[in-house]
Amino acid sequence: MEEMAGAASASSIHNTVSSSSSSSSSSFGSSIFTNYPLIAAFSAFAIAQSTKLFTSWYKERRWDLKQLVGSGGMPSSHSATVTALAMAIGFQEGFGGSLFATALILACVVMYDASGVRLQAGRQAEVLNQIVYELPAEHPLAESRPLRELLGHTPPQVIAGGLLGIVTAVVGHLITVTSS
């Protein structure tokens with residue numbers, strides 16, 4: 001008797017999961033393109049990376065397409081992305097909820113990491129590259145590939161990225177509110 005009750009219960013759970021997953025999978029295609037926090041985050045990332053292309057041209061007077069996908073530089077695309085995500089979640093779900101709190105903590109950790117750990121790793125790479133450059137030609141490490149030096153961000157780059165993320169989310173929110 002217990003086996004039949006257990007089987008019926010398992011069948012009921014399976015049917016519930018199956019029906020909820022099939023309904024969510026059918027709405028996945030349309031909802032991902034209208035997901036305001038996701039759109040805000042991707043937009044902030046794209047704007048930040050595009051801005052790096054132009055700031056690089058302004059400083060060096062040449063187009064460097066690697067700036068579209070590279071890390072480091074002004075503004076921080078990581079900061080812009082997570083800040084836009086947190087603000088958009090706040091606008092959509094409310095600033096008092098646990099989802100916004102989670103996104104805010106994530107944003108703080110990412111921005112701290114960008115201006116702390118990753119910046120210091122980039123500076124260490126500069127020193128190591130200089131040491132390897134000064135090695136005699138016969139040394140086994142003399143021909144090693146240089147380490148990437150532009151890893152992190154200065155505090156102004158992180159702040160600029162954060163402000164870009166906030167502005168992107170606010171503009172997206174205003175567009176969402178006025179269009180509905």
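Heavy atoms only: backbone and side chains are in, while hydrogens, waters and symmetry mates are out. Numbers here simply count residues along the sequence, with the first being 1. Predicted, not measured: the structure shown is a model, and the values here were computed from it.
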For the CE atom of Met111 and the CG atom of Leu106, what is their distance to the nearest 0.5 Å?
9.0 Å

Just verifying a value: how many Å separate Leu164 CG and Ile159 CD1, rounded to the nearest 0.5 Å?
13.5 Å

Look up atom OG in Ser98 and atom CD1 in Ile105, then write down how far apart they are to the nearest 0.5 Å.
12.0 Å

Compare every heavy atom of Gly161 with every heavy atom of Pro75, then report the nearest pair and how far apart it is.
CB-N, 3.7 Å

Below 30° counts as parallel, above 60° as perpendicular, anything between as tilted: where do the rings of Phe91 and His173 land?
parallel

For the residue pair Ala169 and Ala88, what are the closest heavy atoms and their distance?
CB-N, 3.9 Å

Same apolar cluster (I L V M F W Y, side chains within < 4.5 Å links), Tyr36/Leu99:
yes

Take Met87 and Phe95 through the test side chain to side chain contact (heavy atoms under 4.5 Å, CB included) and record every step on the way to the result.
CA-CA 8 Å; Met87 288 296 294; Phe95 291 96; 4.3 Å; yes

Following the transitive rule for hydrophobic clusters with a side-chain heavy-atom cut-off under 4.5 Å over Ile, Leu, Val, Met, Phe, Trp and Tyr, establish whether Phe100 and Ile166 coincide in one cluster.
yes

Value for CG (Leu38) from CG (Leu85), rounded to nearest 0.5 Å, stands at 8.0 Å

Heavy-atom closest contact (Ser79 atom, Val158 atom, distance)
OG-CG1, 3.4 Å

State, to 0.1 Å, how close Ile89 and Ala103 come at their nearest heavy-atom pair, and which atoms those are.
CD1-CB, 3.8 Å

Please determine whether residues Phe45 and Val167 belong to a single hydrophobic cluster, defined as Ile, Leu, Val, Met, Phe, Trp and Tyr linked transitively by side-chain heavy-atom distances below 4.5 Å.
no

Will you find, in the side chains of Ser76 and Gln157, an N or O donor that is under 3.5 Å from an N or O acceptor?
no

Interatomic distance, OG1@Thr34 vs CD1@Ile39, rounded to 0.5 Å, equals 6.5 Å

Check for a donor-acceptor pair, side chain of Ser179 on one end and backbone N or O of Thr176 on the other, with a separation under 3.5 Å.
yes

